Amino acid sequence: MKSFDTLLYEQPAPQVARIVLNRPETRNAQDTKMLYELNDAFNVAARDDAIKVIILAANGPHFSSGHDLREPHPYQNMLQYETVGTWCGFTCAGAEAQMAREKEIYLGFCERWRNIPKPTIAAVQGKCIAGGLMLIWPCDIIIASDDAQFADPTVSFGVDGVEFFAHPWEMGVRKAKEFLFTSDWISAQEAYRLGMVNQVVPREHLQEAALAMAQKIAKKSLFALKLTKEAVNAAQDVQGRVAAMQTSFSLHQLAHTHNLKVYGMLIDPTGLPPETAKALGARIESKQD
Ligand code: ZN
């Protein structure tokens with residue numbers, strides 16, 4: 001079985017694959033390597049005809065703290081991998097590299113994972129922040145532990161929401177605006193009430209509940225499951241999801257380009273503690289220029 005540095009790939013039951021994020025020391029912060037490994041792991045499960053259902057889980061107290069903003073040389077690191085898209089240009093100047101990277105490993109991967117023609121189940125515990133949402137939202141079913149909390153604080157950092165802009169579809173338009181405008185947390189119970197998660201279970205039963213759901217689904221015909229997933233996804237897509245996400249992705253790139261011009265980095269660091277902003281290489285004095 002294929003092994004990974006940042007993930008575990010398991011088969012906890014017949015016909016069920018489980019991919020486990022395994023960088024708990026970083027709260028499963030997603031760097032380039034982890035995202036390419038995750039894409040590889042999804043490929044392994046998707047291409048194995050003996051697998052019917054894929055679980056995405058995470059080791060440690062928290063599901064994911066989001067994208068790893070401290071990764072050294074993120075653009076050069078892209079060159080180590082065979083890309084899934086053809087946009088490329090990861091070391092180009094200006095906004096080109098940033099857009100290329102985000103189109104490949106953020107929007108591109110999320111869209112690809114969302115369309116894997118097998119049921120996927122996210123099992124989420126603890127904090128799931130910003131880019132963390134981009135791992136669970138592409139899944140078909142989300143099971144949360146009762147201590148799970150969700151936030152997209154990107155507006156606090158001068159960006160208009162994460163790259164896979166599923167908020168209006170996940171929680172409804174009005175709540176999505178509040179979630180983004182305030183950067184407030186929502187609890188597992190609130191996420192359940194909004195329809196963003198399917199079940200809330202005690203933390204100690206999270207993996208058991210995800211596996212039970214996977215095994216129940218795995219009893220069905222894989223072809224029927226594939227067709228059903230296509231049908232439900234199509235219902236969402238004919239409502240304009242893809243076009244809306246392309247619009248929000250373009251606005252997201254405008255926000256990054258603005259921040260790069262003003263602060264020398266992709267986010268507005270004025271909301272960060274000064275030492276963190278400095279460590280990330282912020283050019284805060286530019287705000288007064
Ligand atoms: Zn971005």
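Bear in mind the structure is a predicted one, so any value in this text is a computation, not a measurement. One-based numbering, in listed order, for ligands and for the atoms of each.
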- Query: For the Zn ion (ligand 1), what is the closest N, O or S atom on Glu163?
  - Reply: OE2

- With the Zn ion (ligand 1) at the center, what angle do NE2 from His252 and NE2 from His256 span, rounded to 10 degrees? 90°

- State which residue, out of Asn233, Thr228, Thr120, fulfils the side chain to side chain donor-acceptor pair (under 3.5 Å) condition with Asp140. Thr120

- Stepwise, does the salt bridge (charged side-chain N to carboxylate O under 4.0 Å, His left out) test hold for Arg23 with Glu71? CA-CA 14 Å; Arg23 290 184 81 203; Glu71 177 180 350; over 6 Å; no

- Item | Test: Glu111 and Arg241 ion pair at under 4.0 Å | yes

- Examine His67 and say whether one of its N/O/S atoms is closer to the Zn ion (ligand 1) than 2.8 Å. no

- Query: Is there side-chain contact between Phe109 and Leu38, with at least one heavy-atom pair below 4.5 Å?
  - Reply: no

